[in-house]
Amino acid sequence: MTRAPNRMETIIAVFTAAYVLAFSVWFLSIGNLEFIVYVATMLILMALVGFSLGKAEYPPAILWALSIWGLLHMAGGGVPVNGSVLYNLVLLDLFAVGENPILKYDQAVHAYGFGVAAWLLHHLLTRHFPAMRGTASAVVFPALASMGLGALNEMIEFTAVVMVPDTNVGGYINTALDLVFNAIGAWVGALLAARRVL
């Protein structure tokens, strides 16, 4: 069941479309073909959310969190920092795994994003199956499903590596760290959503 977006949903959609358009122009102007793959993914996700508004009745907070995730992702690949991109910025130099420092902007965005995904999945699960509220399953299923979406994200990154010869995706350890931070975010997001902190 589709429906027309309400005022807040329209504001979020316009905000999201504006930054996706701006970053698309930027990526094309600098020849960053890798992120054009991600722009296409963003457009698909925006369409999925738009078509499911009537069934899902997403709270505005979830829609804003999703939009901010998209903005953080676009900025990560498009904002130059220290001769590289924002994704490579070390936020906290806690320790390193091989040559991969912890905690980079990239890792923080992975944790945030898949925390939001778990929150969204918790919302969908408990909206359509109210008896699940307050159960362990309402934590476990969204967390595991969000981790699955995180694995799908890594497949999309792999597609970018195959399609575009020079990417900023990183190697095996980077992919493994992405999956770890996806999982951390997924579990934290699911637990917070279940406790109604979110």
Side-chain angles (χ1 to χ4, degrees), residues 16 19-20 22-46 65-121 139-140 142-193 198:
T16 306
Y19 75 68
V20 169
F23 274 109
S24 297
V25 170
W26 171 246
F27 293 136
L28 287 170
S29 73
I30 63 173
N32 186 337
L33 299 179
E34 172 193 351
F35 261 76
I36 296 303
V37 174
Y38 298 127
V39 167
T41 303
M42 280 283 300
L43 293 174
I44 291 168
L45 293 174
M46 287 169 65
L66 285 170
S67 181
I68 290 166
W69 180 16
L71 178 58
L72 292 172
H73 180 54
M74 295 284 116
V79 174
V81 176
N82 300 331
S84 185
V85 290
L86 187 55
Y87 261 139
N88 293 323
L89 179 68
V90 177
L91 300 176
L92 293 171
D93 195 1
L94 300 174
F95 58 92
V97 177
E99 296 180 6
N100 295 275
I102 309 294
L103 177 76
K104 291 189 336 186
Y105 176 90
D106 175 47
Q107 297 153 353
V109 172
H110 273 270
Y112 169 80
F114 291 97
V116 171
W119 177 20
L120 180 145
L121 292 165
V139 175
V140 173
L144 292 177
S146 180
M147 289 169 63
L149 291 173
L152 176 61
N153 179 73
E154 295 308 308
M155 291 180 216
I156 292 168
E157 286 189 5
F158 178 67
T159 302
V161 170
V162 171
M163 292 174 62
V164 182
D166 185 25
T167 65
N168 196 33
V169 170
Y172 174 79
I173 292 177
N174 179 70
T175 299
L177 285 170
D178 285 353
L179 291 170
V180 167
F181 281 94
N182 293 349
I184 291 169
W187 284 101
V188 170
L191 286 165
L192 292 177
L198 297 174

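Count residues from 1 along the sequence.
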Side chain of [X], backbone of [Y]: donor and acceptor closer than 3.5 Å?
| X | Y | value |
| --- | --- | --- |
| S146 | P142 | no |
| Y105 | L86 | no |
| Y87 | Q107 | no |

Does the side chain of [Y] come within less than 4.5 Å of [X]'s, by heavy atoms?
| X | Y | answer |
| --- | --- | --- |
| L149 | L121 | yes |
| L144 | W187 | yes |
| N174 | K104 | yes |
| M42 | T16 | yes |

Output the distance between atom CH2 (W26) and atom CE (M74), rounded to the nearest 0.5 Å.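 CE of M74 is found 14.5 Å from CH2 of W26.
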For the atom pair OH (Y19) and OG (S24), what is the distance rounded to the nearest 0.5 Å?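 Going from OH on Y19 over to OG on S24, the span is 10.5 Å.
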Partners passing side-chain contact (heavy atoms from CB on, under 4.5 Å) against T41 (at least two apart in sequence or in another chain):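 In terms of side-chain contact (heavy atoms from CB on, under 4.5 Å), with neighbours along the sequence ignored, T41 is linked to L45, I156.
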Kindly indicate, with the supporting measurements, whether the criterion ring pair (Phe, Tyr, Trp, His ring centres under 6.0 Å) is fulfilled by W69 and F114. CA-CA 9 Å; W69 180 16; F114 291 97; 5.0 Å; yes
Can you run down the side chain to side chain donor-acceptor pair (under 3.5 Å) pairs that involve residues 108-117, sequence neighbours left out, and say none if there aren't any?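 Output for this query lists D106-H110, H110-D178, H110-N182.
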